[in-house]
2 protein chains.
Amino acid sequence: MRDDPPGATPFQPHDHSRCTSTTLAHAERAVAETGARLTPVRRRTLEILLEAHRALGAYEVLDRLAQDGFGNKPPVAYRALDFLVDQGLAHRISRLNAFTACMHPGVAHAPAFLICRGCNRVAEAPADPVRTALETAATALGFTVERSTVEALGLCPACHEAP
Amino acid sequence: MRDDPPGATPFQPHDHSRCTSTTLAHAERAVAETGARLTPVRRRTLEILLEAHRALGAYEVLDRLAQDGFGNKPPVAYRALDFLVDQGLAHRISRLNAFTACMHPGVAHAPAFLICRGCNRVAEAPADPVRTALETAATALGFTVERSTVEALGLCPACHEAP
DNA sequence: AGTTGACATGATATGTTATAACAATATATC
DNA sequence: GATATATTGTTATAACATATCATGTCAACT
Ligand SMILES: [Zn+2]
Ligand SMILES: [Zn+2]
Ligand SMILES: [Zn+2]
Ligand SMILES: [Zn+2]
């Protein structure tokens with residue numbers, strides 16, 4: 001479980017190495033519980049995402065993996081990324097065709113993503129009210145929502161001040 | 001301006017040829033007002049989207065354009081599609097990397113898209129409450145939203161009954 | 001009518017993102 | 001240790017998107 005101050009996001013300054021190690025430690029446990037394995041490629045892929053703190057394209061991830069001696073063919077990256085997404089350890093940012101480490105692993109959540117066009121960082125915002133509103137709109141049309149994507153593009157606090 | 005019954009979507013049965021011709025007629029006028037031109041490729045592209053009533057990939061559109069004697073190279077489709085999106089006559093569905101004709105042209109709107117995984121049709125749902133909720137969540141983190149994407153995947157009324 | 005400039009289209013080439021299919025290897029289970 | 005299952009590696013290709021330059025079209029101005 002994370003012990004970040006409430007409202008912490010990649011936008012605020014924070015102890016990043018701790019942010020990374022805490023999440024990795026959680027991942028080990030969480031994955032084991034499901035019977036799956038956090039193998040070297042998968043673990044390294046998660047580290048890469050955590051180090052970046054922004055959305056990375058699959059091929060950016062792949063380059064780094066290859067540098068570390070793992071395979072250098074697309075499926076290597078896509079498989080690891082898909083695994084992390086399935087396990088709730090990473091998210092796919094549809095708008096960017098890219099991936100980012102989850103900042104709240106272990107907590108059931110379907111966040112809204114806030115994508116800063118200044119610094120490219122991505123934060124997760126609580127989206128329960130958003131999804132409720134979406135459900136309501138969909139239900140009015142007889143539509144049953146199974147999964148949904150909520151992404152906002154704009155400016156984070158830091159980039160807002162220094163454009 | 002459209003005169004569909006309120007709540008009409010591609011999910012309900014409707015007079016589709018009318019749906020198409022009404023929208024095209026509107027497009028002619030709306031585009032002219034902006035000083036732009038609804039050229040043959042552009043018009044045909046809009047027709048293609050309207051006929052499909054679902055999201056089409058750029059290359060699907062391109063194939064149909066080529067069959068009709070237009071160019072068969074990617075930029076032909078992408079330029080026409082980008083034009084329609086700029087004019088508010090079509091929308092890009094991020095999740096599908098695909099495009100769909102706007103069902104409410106002329107009305108300022110930033111809809112939520114309801115994507116049926118059964119029949120692949122796409123409907124637009126009013127999303128004002130959704131965006132308000134998103135703004136609220138973003139503002140709480142000091143984030144300024146400029147554009148946003150709201151897309152839901154699920155089942156439309158028809159596909160819900162006949163799976 | 002001829003010139004000009006803005007817009008639009010055509011064509012070539014390339015870049016980017018993603019998956020299918022199969023072979024090789026590691027790991028768990030009996 | 002034999003068998004089944006999960007994982008990784010590799011090849012090849014599909015699908016999506018853009019940069020760039022050449023050519024054509026049209027309306028405005030002189
Ligand atoms: Zn998350
Ligand atoms: Zn920023
Ligand atoms: Zn629309
Ligand atoms: Zn359906």
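Letters A, B, ... mirror the listed sequences (proteins, then strands); counts begin at 1. Note that the coordinates shown come from a computational prediction; the quantities given were computed from them, not determined experimentally.
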Next item on the list: May I ask you to check whether B:F113 and B:H91 place their ring centers less than 6.0 Å from one another?
Entry: yes
Checklist line | B:P75 side-chain proximity, nearest of D:dT7, C:dT9, C:dA11 | finding: C:dA11
Next item on the list: Rounded to the nearest angstrom, tell me the gap between atom CG in B:N97 and atom C1' in C:dT16.
Entry: 11 Å
Margin query: At 4.0 Å (heavy atoms only), tell me whether B:R37 reaches a base, stays on the sugar-phosphate, or touches nothing.
Written below: sugar-phosphate
Next item on the list: Evaluate the side-chain proximity of B:T100 to B:L49: yes if any heavy-atom separation is below 4.5 Å, no if none is.
Entry: no
Next item on the list: Please work out if B:F70 contacts a base, only the sugar-phosphate, or nothing of the nucleic acid, heavy-atom cut-off 4.0 Å.
Entry: nothing
Margin query: Between A:T39 and B:F99, which residue's closest nucleotide on DNA chain D lies nearer the 5′ terminus?
Written below: A:T39
Next item on the list: For C:dT9, take OP1 and OP2 only and decide whether either is under 4.0 Å from a side-chain N or O of B:R42.
Entry: yes
Checklist line | For atom CG of B:D86 and atom P of C:dA8, their distance in whole Å | finding: 11 Å
Check: Between C:dT9 atom P and B:L65 atom CG, what is the distance in whole Å?
Finding: 11 Å
Check: Over how many whole Å does the gap from B:Y78 atom OH to C:dT14 atom P extend?
Finding: 19 Å
Next item on the list: Consider only side-chain N and O atoms of B:R131 and B:S148, and report whether a donor and an acceptor are under 3.5 Å apart.
Entry: yes
Next item on the list: Could you tell me the separation between the CG atom of A:D63 and the C1' atom of C:dG15, rounded to a whole number of Å?
Entry: 14 Å
Note to self: If you assign A:E60 and B:G69 each to the DNA chain C nucleotide with the nearest heavy atom, which residue ends up on the more 5' nucleotide?
What the structure shows: B:G69
Next item on the list: Kindly indicate whether the side chain of B:L38, heavy atoms from C-beta on, has any atom under 4.5 Å from the side chain of B:F83.
Entry: yes
Note to self: Between A:E60 and A:R54, does the salt bridge (Lys or Arg N to Asp or Glu O under 4.0 Å) criterion hold? Intermediate values first, please.
What the structure shows: CA-CA 12 Å; A:E60 288 183 273; A:R54 62 181 178 89; 3.2 Å; yes
Next item on the list: Name the residue closer to the 5' end of DNA chain C, choosing between B:F83 and A:D82 according to the nucleotide with the nearest heavy atom.
Entry: B:F83
Item checked: Euclidean distance, atom OH of residue B:Y59 to atom P of D:dA14 [Å, nearest integer] -> 13 Å
Next item on the list: Quickly work out the B:R79 CZ to C:dT9 C1' distance and round it to whole Å.
Entry: 6 Å
Next item on the list: Figure out the CG/C1' separation between A:L62 and D:dG9, and round it to whole Å.
Entry: 12 Å
